[in-house]
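Atoms within a ligand are numbered from 1 in the order they appear, just like the ligands themselves. We number each residue from 1, following the sequence as shown. Values below: every heavy atom of this structure, side chains too, minus hydrogens, waters and symmetry copies. All values derive from a computational prediction rather than experimental measurement.
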Amino acid sequence: MIITLSMGCIAQEFDPFIQSKVDELQYDSLFQKLLAFENFGIKQVGTDALDETANWIIQQYTDWGYTNIELDTLYVGQNSTFNIIVTKTGSVYQDTYFIVDGHYDTYNGPGVNDNGSGTAIVLEMARLFKDVETAYSIKFIHFTVEELGLVGSTHYVENTVVPQEMDIKLLLNIDEVGGVAGTNNNTITCERDEWSPTSNNAASAAFTDTLANLTEMYSNLNTDISYAYGSDYVPFMDNGYVVTGYYEYNESPYPHSINDSLSNMDPEYVFELTKASLASCMYFSGAQSISTGIPGDITTEKNIEIYPNPFAEYISVKNITTETLNLQVYDLNGRLQNNFKLSAEATSVIRTKLKAGTYFYKIFDEDQEIISSGKIIKTK
Ligand SMILES: [Zn+2]
C-alpha cells in the first residue's frame, strides 16, 4: 500500500504529554478571568479601566513567576498605553519565537467576547506553560488599542519586530472567540493569510490546517477554515510573517456595544477553545519534541519520587501520601501499557515488560484526579 501525504495533510500524532497538560485546565480558573475582565468595565484608551486591566494581566504573570515582562509604550493623542510582552526562553531555538496574542482593549462596552475571551485564554495557557519546557521561545502578547485600527500591534511590528528582524516561526492571534449564548457553539474558525504579500501564504495555510487538526484532536470543537482579516495579525502578515488565527464561527452581534457581556456569550465554548489553544501552542512551540529528550529522576508536587529515570528493569515509586494511588503508563501514541497500584506511605518497586523507549505516565489519586504526569524512559 502506498501512502501519499501532501503539504497540510500531515497528520499530527496524539501526544499524551500535551493531553496531560490539557487535563490540568480548570473551567473555574478560566471563568474567573472572564468575570474579572468584565468587572473592569469599558477599556478604551485613556480610561482607568484599561490601565487596571493591564495591571491585572501583569500581576498574574508576576505571580506565576514569569520574569521577562516588557511594556511597549505608545501614545494615542495625549494618552499613553502599552502592549504587554511576556517572553519565555526556549531550550533549543532561543532566538526563534512562537507568538500567541490577544488584544485587551475594548470599545463601547466591557468586551468580554471582544476580546476578554482571547485575553483569558492567553492567560490561562500561560499559567500552565510556566513549567513546560519548549524548544522555541514563546511570547505571550497582550496588544492594546486594537479597536482603533490595530494601533498597538502596528506599533510593535514597526518599532520592534521589523527593526530587529525578529525571527518568528508563527503567530497565533486569538480575537473574539466567545460564541453566542443560546446557540450551539460547536465550531471554531481557523484563519489563514490569503493576502499580499503571497510569499508567506502557503506556510500560513499549512499551519492553519495543523491548527485545525490539533483543535479537533484535543477539544470537542469542529473547525472551519477561512481567511484572516481585521485583527492584530495583519501588521505581521503585511510584513511577510506567517500567521494563523482563531475567530468564533457563530458571530456575535454584541461586540463594540454595552451588551458584549459574559451573559451574552458561551464560556463553555471558550473553555473548549482553551484546550485547543494550549495543545496547539505546545505543539507549535516544540513542547512535545523536548519531551523526548533525556529526563531525570522525578519528584512531584506531592513529593512522590520516581527513580531511577531512565530505568532498566525496575522503577521505584515512593508514595508518601495517605492515599492509594494509580500509576498508568502510556506509549507515545497514547495507548495504555501498564496500570499499577501504589500503596499509601510505601515505596513500590515495579517491574515492567515494556520495550525500550519513551513512555508517559500519569498518577491518579483516589478521586481520579491527575496529580502528576511526565515522561519516563526504559533503556532495555
Ligand atoms: Zn477584537
Establish, for the pair Lys362 and Tyr330, whether the NZ or CZ atom is under 6.0 angstrom from the six-membered ring centre and no further than 45 degrees off its axis. yes
Under 2.8 Å from the Zn ion (ligand 1), the protein N, O or S atoms found are His103 NE2, Asp114 OD1, Asp175 OD1, Asp175 OD2
Atom OH of residue position Tyr359 - does it have more than 12 heavy atoms of other residues, nucleotides or ligands inside 6.0 Å? yes
Going by the ring-ring contact (aromatic ring centres under 6.0 Å, His included) test, which pairs reach into residues 105-128, not counting sequence neighbours? Tyr107-His256
Under 6.0 Å from the CG atom of Asp95, do we count more than 12 heavy atoms belonging to anything else shown? no
Output yes when Asp101 and Lys139 qualify as a salt bridge under the 4.0 Å nitrogen-oxygen rule, no when they do not. no
Result for side-chain hydrogen bond (donor to acceptor under 3.5 Å, both in side chains) between Tyr246 and one of Thr223, Asp175, Thr215 points to Thr215
